[in-house]
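What follows is a set of notes on a single structure, which appears directly below.
If you're wondering where the values come from, they're calculated on a predicted model, not measured in any experiment.
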Amino acid sequence: MTDEQGFGAGPVVVVAFEGWNDAGEAASGVARALRDQLELDPITSVDPEDYFDYQFNRPQVETDENGDRVLRWPEVTLYGDGGGASPVMLLMGTEPSRGWRTFSAEIVDKILASGASGVVFLGAMLADVPHTRPISIFTSSESPELRERFTLDRSSYEGPVGILSVLGDALDRAGVPTLSIWASVPHYVHNSPSPKATLALIERLEDFIDVQIARGSLVEESAAWEDGIDALAGDDDDMAAYIQQLEQARDTVDSPEASGDAIAEEFERYLRRRDGKAGGEPGPRG
(Lines give C-alpha, C1' and ligand atoms only; values in the text may rest on other atoms or scores of the structure.)
Protein backbone atom coordinates (compact mmCIF):
# COMPACT_ATOMS: atom_id res chain seq x y z
CA MET A 1 0.00 0.00 0.00
CA THR A 2 1.44 3.35 -0.99
CA ASP A 3 0.99 6.75 0.57
CA GLU A 4 -1.31 7.73 -2.31
CA GLN A 5 -3.62 4.86 -1.43
CA GLY A 6 -4.22 6.14 2.09
CA PHE A 7 -1.84 4.10 4.26
CA GLY A 8 1.88 4.56 4.82
CA ALA A 9 4.80 2.72 3.27
CA GLY A 10 4.71 -0.33 5.55
CA PRO A 11 2.60 -3.46 5.14
CA VAL A 12 -1.11 -3.52 5.89
CA VAL A 13 -2.30 -6.00 8.51
CA VAL A 14 -5.51 -7.81 7.58
CA VAL A 15 -7.37 -9.04 10.67
CA ALA A 16 -10.01 -11.77 10.91
CA PHE A 17 -11.25 -13.73 13.93
CA GLU A 18 -13.30 -16.90 14.00
CA GLY A 19 -16.36 -16.72 16.21
CA TRP A 20 -18.99 -14.02 16.75
CA ASN A 21 -17.44 -11.77 14.10
CA ASP A 22 -17.37 -14.46 11.40
CA ALA A 23 -20.85 -15.40 10.16
CA GLY A 24 -20.69 -18.04 7.46
CA GLU A 25 -16.92 -18.28 8.06
CA ALA A 26 -16.66 -15.48 5.49
CA ALA A 27 -13.93 -13.38 7.13
CA SER A 28 -11.79 -16.33 8.21
CA GLY A 29 -12.17 -17.74 4.69
CA VAL A 30 -10.53 -14.62 3.26
CA ALA A 31 -7.75 -14.82 5.85
CA ARG A 32 -6.97 -18.44 5.00
CA ALA A 33 -6.92 -17.64 1.27
CA LEU A 34 -4.47 -14.79 1.85
CA ARG A 35 -2.22 -16.88 4.09
CA ASP A 36 -2.03 -19.73 1.59
CA GLN A 37 -1.67 -17.59 -1.53
CA LEU A 38 1.04 -15.35 -0.10
CA GLU A 39 2.72 -18.26 1.71
CA LEU A 40 2.83 -16.28 4.94
CA ASP A 41 4.57 -17.82 7.94
CA PRO A 42 3.80 -17.42 11.65
CA ILE A 43 5.77 -14.55 13.19
CA THR A 44 4.39 -14.43 16.71
CA SER A 45 1.42 -15.72 18.69
CA VAL A 46 -0.28 -14.87 21.97
CA ASP A 47 -0.22 -17.29 24.88
CA PRO A 48 -3.65 -18.98 24.84
CA GLU A 49 -3.54 -19.57 28.62
CA ASP A 50 -4.07 -15.86 29.19
CA TYR A 51 -7.08 -15.28 26.96
CA PHE A 52 -9.12 -18.43 26.32
CA ASP A 53 -11.71 -20.33 28.32
CA TYR A 54 -11.04 -23.91 27.27
CA GLN A 55 -14.57 -24.99 28.18
CA PHE A 56 -15.80 -22.52 25.56
CA ASN A 57 -12.96 -22.82 23.00
CA ARG A 58 -11.80 -26.39 23.55
CA PRO A 59 -8.44 -27.68 22.27
CA GLN A 60 -8.71 -30.18 19.41
CA VAL A 61 -6.92 -33.50 19.15
CA GLU A 62 -5.51 -34.20 15.69
CA THR A 63 -3.16 -36.53 13.88
CA ASP A 64 -0.13 -34.69 12.50
CA GLU A 65 1.87 -35.38 9.33
CA ASN A 66 4.00 -37.92 11.21
CA GLY A 67 0.96 -39.89 12.35
CA ASP A 68 1.24 -38.70 15.96
CA ARG A 69 -1.80 -37.52 17.92
CA VAL A 70 -1.34 -33.93 19.05
CA LEU A 71 -3.38 -31.26 20.79
CA ARG A 72 -4.09 -28.06 18.86
CA TRP A 73 -4.91 -25.16 21.16
CA PRO A 74 -6.95 -22.09 20.22
CA GLU A 75 -4.60 -19.39 19.03
CA VAL A 76 -4.18 -15.92 17.58
CA THR A 77 -1.18 -15.58 15.29
CA LEU A 78 0.47 -12.78 13.34
CA TYR A 79 1.69 -13.93 9.92
CA GLY A 80 4.19 -12.36 7.52
CA ASP A 81 6.73 -13.32 4.87
CA GLY A 82 9.74 -13.01 7.15
CA GLY A 83 11.71 -10.80 4.78
CA GLY A 84 9.22 -7.94 4.89
CA ALA A 85 8.67 -7.90 1.14
CA SER A 86 4.96 -8.71 1.26
CA PRO A 87 2.61 -5.71 1.30
CA VAL A 88 0.27 -7.68 3.55
CA MET A 89 0.53 -9.22 6.99
CA LEU A 90 -2.22 -11.25 8.59
CA LEU A 91 -3.60 -11.51 12.11
CA MET A 92 -6.00 -14.42 12.48
CA GLY A 93 -7.29 -16.85 15.04
CA THR A 94 -10.13 -17.45 17.47
CA GLU A 95 -11.89 -14.62 19.27
CA PRO A 96 -10.53 -14.68 22.85
CA SER A 97 -12.84 -15.40 25.77
CA ARG A 98 -11.40 -13.02 28.35
CA GLY A 99 -8.82 -10.34 29.05
CA TRP A 100 -9.76 -8.30 26.00
CA ARG A 101 -8.07 -5.09 27.15
CA THR A 102 -4.83 -6.88 27.94
CA PHE A 103 -5.11 -8.88 24.73
CA SER A 104 -5.62 -5.72 22.68
CA ALA A 105 -2.64 -4.01 24.31
CA GLU A 106 -0.46 -7.03 23.45
CA ILE A 107 -1.67 -7.10 19.84
CA VAL A 108 -1.14 -3.34 19.46
CA ASP A 109 2.46 -3.78 20.61
CA LYS A 110 3.00 -6.57 18.07
CA ILE A 111 1.51 -4.53 15.23
CA LEU A 112 3.55 -1.45 16.13
CA ALA A 113 6.70 -3.57 16.25
CA SER A 114 5.92 -5.02 12.81
CA GLY A 115 6.16 -1.61 11.15
CA ALA A 116 2.65 -1.90 9.73
CA SER A 117 1.15 1.21 8.17
CA GLY A 118 -2.47 0.35 8.88
CA VAL A 119 -5.00 -2.34 9.68
CA VAL A 120 -8.02 -3.67 7.79
CA PHE A 121 -10.59 -5.58 9.85
CA LEU A 122 -12.77 -8.20 8.17
CA GLY A 123 -16.08 -9.27 9.67
CA ALA A 124 -19.35 -10.93 8.72
CA MET A 125 -22.72 -10.65 10.44
CA LEU A 126 -26.02 -12.49 10.17
CA ALA A 127 -28.64 -10.22 8.69
CA ASP A 128 -32.13 -10.07 7.18
CA VAL A 129 -30.85 -10.21 3.60
CA PRO A 130 -31.70 -12.54 0.69
CA HIS A 131 -29.15 -15.01 -0.65
CA THR A 132 -30.26 -14.29 -4.21
CA ARG A 133 -28.93 -10.73 -4.28
CA PRO A 134 -25.35 -9.43 -4.15
CA ILE A 135 -23.84 -9.62 -0.66
CA SER A 136 -24.13 -6.28 1.11
CA ILE A 137 -20.76 -4.85 2.12
CA PHE A 138 -20.33 -1.96 4.53
CA THR A 139 -16.97 -0.27 4.97
CA SER A 140 -16.21 2.31 7.65
CA SER A 141 -13.29 3.98 9.38
CA GLU A 142 -12.56 6.05 12.45
CA SER A 143 -9.61 7.67 10.66
CA PRO A 144 -10.46 11.07 9.12
CA GLU A 145 -7.66 10.59 6.59
CA LEU A 146 -8.94 7.22 5.43
CA ARG A 147 -12.53 8.42 5.32
CA GLU A 148 -11.53 11.29 3.07
CA ARG A 149 -9.20 9.19 0.91
CA PHE A 150 -11.68 6.37 0.30
CA THR A 151 -14.98 8.26 0.78
CA LEU A 152 -15.96 6.18 3.79
CA ASP A 153 -18.37 6.78 6.65
CA ARG A 154 -18.04 6.37 10.37
CA SER A 155 -20.25 3.67 11.84
CA SER A 156 -23.14 5.02 13.92
CA TYR A 157 -23.84 1.65 15.55
CA GLU A 158 -24.36 1.55 19.32
CA GLY A 159 -24.67 -1.76 21.14
CA PRO A 160 -22.77 -4.96 22.01
CA VAL A 161 -19.36 -5.35 20.41
CA GLY A 162 -16.87 -8.09 19.60
CA ILE A 163 -13.10 -8.22 19.72
CA LEU A 164 -12.74 -6.38 16.40
CA SER A 165 -14.19 -3.22 17.92
CA VAL A 166 -12.12 -3.47 21.09
CA LEU A 167 -8.93 -4.01 19.12
CA GLY A 168 -9.89 -1.29 16.64
CA ASP A 169 -10.36 1.21 19.47
CA ALA A 170 -6.95 0.32 20.93
CA LEU A 171 -5.25 0.73 17.56
CA ASP A 172 -7.00 4.04 16.89
CA ARG A 173 -5.78 5.33 20.25
CA ALA A 174 -2.27 4.17 19.38
CA GLY A 175 -2.35 6.19 16.15
CA VAL A 176 -2.63 3.23 13.77
CA PRO A 177 -5.16 3.97 10.97
CA THR A 178 -7.83 1.29 10.64
CA LEU A 179 -10.85 0.52 8.52
CA SER A 180 -13.47 -2.22 8.75
CA ILE A 181 -15.15 -4.25 6.01
CA TRP A 182 -18.30 -6.16 6.90
CA ALA A 183 -20.36 -8.62 4.88
CA SER A 184 -24.02 -9.42 5.54
CA VAL A 185 -24.83 -13.15 5.52
CA PRO A 186 -28.44 -14.41 5.28
CA HIS A 187 -29.38 -15.50 8.77
CA TYR A 188 -31.57 -18.38 7.56
CA VAL A 189 -28.48 -20.27 6.35
CA HIS A 190 -26.28 -19.53 9.36
CA ASN A 191 -25.13 -23.12 9.86
CA SER A 192 -23.09 -23.38 6.67
CA PRO A 193 -20.08 -21.50 5.25
CA SER A 194 -20.93 -18.74 2.77
CA PRO A 195 -18.47 -18.67 -0.15
CA LYS A 196 -20.52 -15.87 -1.69
CA ALA A 197 -19.81 -13.64 1.32
CA THR A 198 -16.13 -14.62 1.27
CA LEU A 199 -15.95 -13.65 -2.40
CA ALA A 200 -17.62 -10.30 -1.72
CA LEU A 201 -15.15 -9.51 1.08
CA ILE A 202 -12.22 -10.37 -1.19
CA GLU A 203 -13.49 -8.04 -3.91
CA ARG A 204 -13.82 -5.15 -1.47
CA LEU A 205 -10.54 -5.88 0.32
CA GLU A 206 -8.63 -5.52 -2.95
CA ASP A 207 -9.58 -1.83 -2.96
CA PHE A 208 -7.31 -1.30 0.05
CA ILE A 209 -4.36 -3.68 -0.30
CA ASP A 210 -1.74 -4.03 -3.00
CA VAL A 211 -2.57 -7.69 -3.70
CA GLN A 212 -4.85 -9.42 -6.18
CA ILE A 213 -6.36 -12.40 -4.39
CA ALA A 214 -6.91 -15.56 -6.42
CA ARG A 215 -10.56 -16.59 -6.47
CA GLY A 216 -9.85 -20.29 -6.92
CA SER A 217 -13.12 -22.18 -6.91
CA LEU A 218 -15.02 -19.50 -4.98
CA VAL A 219 -17.11 -18.44 -7.99
CA GLU A 220 -18.31 -21.99 -8.61
CA GLU A 221 -18.80 -22.62 -4.89
CA SER A 222 -20.84 -19.42 -4.57
CA ALA A 223 -23.15 -20.52 -7.39
CA ALA A 224 -23.52 -23.96 -5.83
CA TRP A 225 -24.26 -22.38 -2.42
CA GLU A 226 -27.01 -20.25 -3.95
CA ASP A 227 -28.45 -23.18 -5.92
CA GLY A 228 -28.50 -25.31 -2.78
CA ILE A 229 -30.51 -22.72 -0.86
CA ASP A 230 -32.88 -22.36 -3.84
CA ALA A 231 -33.47 -26.10 -3.67
CA LEU A 232 -34.26 -25.94 0.06
CA ALA A 233 -36.63 -23.03 -0.46
CA GLY A 234 -38.34 -24.93 -3.26
CA ASP A 235 -39.43 -27.53 -0.72
CA ASP A 236 -40.43 -25.02 1.96
CA ASP A 237 -43.24 -22.58 1.11
CA ASP A 238 -42.72 -20.50 4.26
CA MET A 239 -39.02 -20.11 3.57
CA ALA A 240 -39.70 -19.22 -0.07
CA ALA A 241 -42.23 -16.56 0.96
CA TYR A 242 -39.84 -15.10 3.50
CA ILE A 243 -37.02 -14.91 0.95
CA GLN A 244 -39.36 -13.15 -1.45
CA GLN A 245 -40.11 -10.53 1.21
CA LEU A 246 -36.39 -9.97 1.73
CA GLU A 247 -35.87 -9.65 -2.02
CA GLN A 248 -38.58 -7.02 -2.29
CA ALA A 249 -37.09 -5.03 0.58
CA ARG A 250 -33.60 -5.23 -0.92
CA ASP A 251 -34.81 -4.26 -4.40
CA THR A 252 -36.59 -1.24 -2.97
CA VAL A 253 -33.38 -0.02 -1.32
CA ASP A 254 -31.35 -0.71 -4.46
CA SER A 255 -33.80 0.93 -6.87
CA PRO A 256 -32.68 4.04 -8.78
CA GLU A 257 -35.47 5.95 -7.05
CA ALA A 258 -34.07 5.27 -3.60
CA SER A 259 -32.34 8.34 -2.19
CA GLY A 260 -29.16 8.28 -0.18
CA ASP A 261 -31.15 9.20 2.92
CA ALA A 262 -33.55 6.31 2.33
CA ILE A 263 -30.70 3.86 1.98
CA ALA A 264 -29.04 5.16 5.13
CA GLU A 265 -32.33 4.94 7.01
CA GLU A 266 -32.88 1.36 5.86
CA PHE A 267 -29.37 0.42 6.95
CA GLU A 268 -29.89 1.95 10.38
CA ARG A 269 -33.13 -0.03 10.79
CA TYR A 270 -31.28 -3.17 9.82
CA LEU A 271 -28.55 -2.51 12.40
CA ARG A 272 -31.13 -1.99 15.11
CA ARG A 273 -32.84 -5.28 14.19
CA ARG A 274 -29.54 -7.08 14.49
CA ASP A 275 -28.61 -5.40 17.80
CA GLY A 276 -27.51 -8.01 20.28
CA LYS A 277 -28.20 -11.08 18.15
CA ALA A 278 -25.57 -13.80 18.18
CA GLY A 279 -23.66 -15.01 15.14
CA GLY A 280 -22.23 -11.77 13.80
CA GLU A 281 -21.12 -8.43 15.05
CA PRO A 282 -23.89 -5.90 14.40
CA GLY A 283 -21.78 -3.33 12.61
CA PRO A 284 -18.30 -2.39 11.52
CA ARG A 285 -17.64 -0.74 14.86
CA GLY A 286 -20.05 -2.98 16.74
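- Taking every heavy atom of both residues into account, A23 and V185 meet most closely at O-CG2, 3.7 Å.
- More than 12 heavy atoms of other residues, nucleotides or ligands shown are found within 6.0 angstrom of CD on Q248.
- Residue R69 holds its CZ atom at 11.0 Å from CG of D64, rounded to the nearest 0.5 Å.
- Judged purely by distance below 3.5 Å, without hydrogens or angles, the side chains of D22 and S28 pair a donor atom with an acceptor atom.
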Practice item. Applying side chain to side chain donor-acceptor pair (under 3.5 Å), run through T132 and R250 and close with a yes or a no. Key: CA-CA 10 Å; T132 54; R250 174 66 182 272; over 6 Å; no
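- Residues satisfying the ring-ring contact (aromatic ring centres under 6.0 Å, His included) criterion with Y242, sequence neighbours excluded, are H187.
- Closest non-hydrogen pair, F17 versus L167, comes out as CE1-CD2, 4.2 Å.
- Looking at L90, L122, V14 one by one, the single match for side chain to side chain contact (heavy atoms under 4.5 Å, CB included) with V30 turns out to be L122.
- Minimum interatomic distance between P186 and P130 (heavy atoms only, all atoms of both residues): CG-C, 4.1 Å.
- When all heavy atoms of L40 and S86 are compared, the closest pair comes out as CD2-OG, 4.1 Å.
- Few gaps surround CZ on R133; more than 12 heavy atoms of other groups in view lie less than 6.0 Å from it.
- Of the inter-residue distances, the one linking E95 atom CD with L164 atom CG reads 7.5 Å to the nearest 0.5 angstrom.
- Taken from CZ in R35 to OH in Y79, the straight-line distance is 5.0 Å, to the nearest 0.5 Å.
- Side-chain polar atoms of R149 and S143 form no donor-acceptor pair below 3.5 angstrom.
- The heavy-atom pair separating A31 from A16 by the smallest distance is CB-CB, 3.9 Å.
- Summarising the geometry, atom OG belonging to S192 is positioned 6.0 Å from atom CD1 belonging to I229; distances are rounded to the nearest 0.5 Å.
- Of all heavy-atom pairs between V211 and E206, the closest is O-CG, 3.6 Å.
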Review item, side-chain donor-acceptor pairs of residues 41-49, under 3.5 Å, at least two apart:
unit_1, atom_1, unit_2, atom_2, d
T44, OG1, K110, NZ, 2.9
S45, OG, T77, OG1, 2.8
D47, OD1, E49, N, 3.0
E49, OE2, Y54, OH, 3.1

